[in-house]
Amino acid sequence: MTWQLDAGRDLVKSFGDRMALFVRGEGAYLWDGEGTRYLDFLAGIAVNSLGHAHPAFVAAISEQAATVAHVSNYFATLPQLELAARLKRLAGTGDTGRVYFGNSGAEANEAAFKLARLHGGAERPRILALTDAFHGRTMGTLALTGKPYMQEPFLPMVPGVEFIDSTIEALEAALDDRVAALFVEPIKGEAGVIDLPEGYLAAARELTERHGALLIMDEIQTGAGRTGEWFAFQHEGITPDAITVAKGIGGGYPIGALITFGTASDLFYPGTHGSTFGGNALGTAVAGAVLAEIERAGLVQNAAERGVQIRAVIEGLGSPLIDGCRGQGLLIGIGLKHPVAKAVVAAAQERGLIINAPNDATIRLVPALNIGDVEIDEFAALFAAALADVEATLSEGVVA
Ligand SMILES: *Cc1c(COP(=O)(O)O)cnc(C)c1O
């Protein structure tokens with residue numbers, strides 16, 4: 001296929017103009033239609049955990065497609081049962097955990113929303129979520145997403161959701177016995193990689209338990225080893241009632257899941273939820289292979305170590321534009337002192353580096369979990385050059 005500047009002409013206009021057209025990927029690299037190579041530190045927004053075209057991913061998808069891809073949820077398949085057991089083990093649910101499979105993050109959160117309603121019934125109509133957190137674009141998950149500009153064109157929202165600031169005081173003030181669930185995004189990725197305050201999750205666990213509300217963690221971006229633990233809640237030594245996962249679990253295959261703990265596992269009963277594609281043999285075989293490779297290659301530990309390494313590299317650049325790092329492991333937010341994040345992303349792409357700007361003053365890095373010294377050294381050189389490009393235009397007064 002040839003390079004097209006108007007790539008996306010036939011696609012719905014809900015996304016901005018496509019920034020490039022890629023024809024091939026391998027490891028941490030992508031190639032466009034002109035043969036230009038890019039270092040990919042976005043990994044499809046924290047999706048390609050193993051990088052592009054990893055042999056374990058390719059083998060799983062090919063072999064399962066040649067065996068059995070889909071049978072519907074009237075029946076079970078081995079890859080589905082194996083992935084459910086693996087997710088329970090990695091999340092530490094013990095025997096009582098259960099897993100619901102969907103095809104995306106939004107579908108995992110839709111299932112969690114329904115779980116919250118089943119738990120709440122008529123006595124607990126309130127659902128709490130955090131201002132600025134992102135939970136998805138479908139009508140249910142949009143109702144959970146505390147960003148008024150996203151909701152506004154689609155009002156009225158699904159009722160019952162209230163937004164609170166991410167402080168322990170706001171939690172204490174909001175929780176009562178009429179709350180069904182509290183949704184928490186442990187590091188707010190889409191908002192700009194914003195960390196929760198120290199002690200927040202422990203307080204959230206204590207308060208939700210005291211009031212009989214579910215604690216539901218949206219681990220769609222933070223899960224699958226990205227933060228240096230399998231799931232971000234594991235850094236804090238708490239046990240939630242449910243977590244949602246997607247993005248990095250499938251390594252590029254669309255799959256999402258709701259994982260329940262303890263008595264929350266008893267809430268769904270036959271007929272209360274479902275999906276035609278969710279948990280099919282093909283998707284679960286791929287996700288199983290991706291998670292197995294993350295385990296085999298020690299990539300959760302690698303994410304922790306490479307995250308520290310990249311932060312040191314960024315701080316070592318001594319750029320006057322940079323205002324510190326946020327996040328954990330390989331979910332890194334780089335604060336900028338001026339609202340030039342889009343210019344930095346464009347300059348980086350010009351130099352062959354793919355990064356992303358979740359807001360005007362933040363660069364987000366979410367590379368594959370298996371990156372090493374070679375990729376990090378190359379990142380450092382390209383990112384420094386991109387920053388210098390933007391610093392130059394700033395001093396010329398071109399970018400305000
Ligand atoms: C990406 C994301 C979602 C939505 O996932 P989709 O697969 O795009 O539906 C929900 N929550 C968080 C925290 C995310 O990062």
Side-chain angles (χ1 to χ4, degrees), residues 11-12 14-16 42-49 100-116 127-147 150-151 154 158 161 163 166 181-196 200-201 204 215-227 229-233 240 242-259 275 277-279 283 286-287 290 326-333 356-359 362 364-367 369:
L11 306 173
V12 72
S14 66
F15 292 96
L42 180 59
I45 320 182
V47 165
N48 306 304
S49 308
Y100 168 81
F101 290 114
N103 309 289
S104 65
E107 283 173 80
N109 281 341
E110 287 286 345
F113 200 149
K114 288 178 82 170
L115 186 82
I127 290 179
L128 303 180
L130 304 186
T131 305
D132 274 345
F134 180 77
H135 297 297
R137 298 286 202 159
T138 57
M139 287 308 293
T141 61
L142 188 59
L144 290 170
T145 293
K147 296 170 187 270
M150 279 192 192
Q151 294 189 344
F154 304 103
V158 176
V161 182
F163 297 104
S166 306
L182 168 69
F183 280 82
V184 177
E185 185 185 5
I187 299 171
K188 294 189 196 102
E190 301 304 309
V193 192
I194 313 292
D195 301 293
L196 288 170
Y200 186 88
L201 285 185
L215 174 60
I216 301 176
M217 308 266 309
D218 180 340
E219 297 261 8
I220 288 165
Q221 193 154 156
T222 51
R226 176 139 306 270
T227 68
E229 289 281 358
W230 276 102
F231 303 101
F233 77 83
I243 65 174
T244 52
V245 297
K247 290 198 167 84
I249 298 286
Y253 192 94
I255 183 168
L258 167 73
I259 305 168
S275 161
F277 294 127
V286 177
V290 168
R326 301 185 296 267
Q328 204 161 11
L330 288 177
L331 173 51
I332 299 172
N356 155 266
N359 64 39
T362 305
R364 172 172 51 177
L365 308 178
V366 276
L369 304 183

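We count ligands from 1, going down the list as the structure has it; atoms in each ligand are counted the same way.
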Over 12 non-hydrogen atoms of neighbours within 6.0 angstrom of OH in Tyr200: yes
Check: Arg226 side chain, Pro367 main-chain N or O, donor-acceptor pair, under 3.5 Å: yes
Minimum-distance protein heavy atom relative to atom 5 (O) of ligand 1: Gly105 CA, 3.3 Å
Heteroatom proximity flag, Ala106 to ligand 1, N/O under 3.5 Å: yes
Sub-4.0 Å protein heavy atom near atom 9 (O) of ligand 1: yes
Polar side-chain atom of Asp132 near backbone of Ala191 as donor-acceptor pair, under 3.5 Å: no
Contacting atoms of ligand 1, where contact means under 4.0 angstrom from a heavy atom of Glu185: 13 (C)
No-hydrogen, no-angle side-chain donor-acceptor test under 3.5 Å, Glu190 and Gln221: yes
Arg137 versus Ser14, side-chain donor and acceptor atoms under 3.5 Å: no
Close N or O approach (Lys247, ligand 1; < 3.5 Å): yes
Ligand 1 atoms in contact with Asp218 (distance to a heavy atom under 4.0 Å): 10 (C), 11 (N), 12 (C), 13 (C)
Geometric N/O contact Ala246 with ligand 1, under 3.5 angstrom: no
Ser49 (side chain) donor-acceptor with Gly248 (main chain) under 3.5 angstrom: yes
Distance filter under 4.0 Å to Asn109 heavy atoms, resulting ligand 1 atoms: 10 (C), 11 (N)
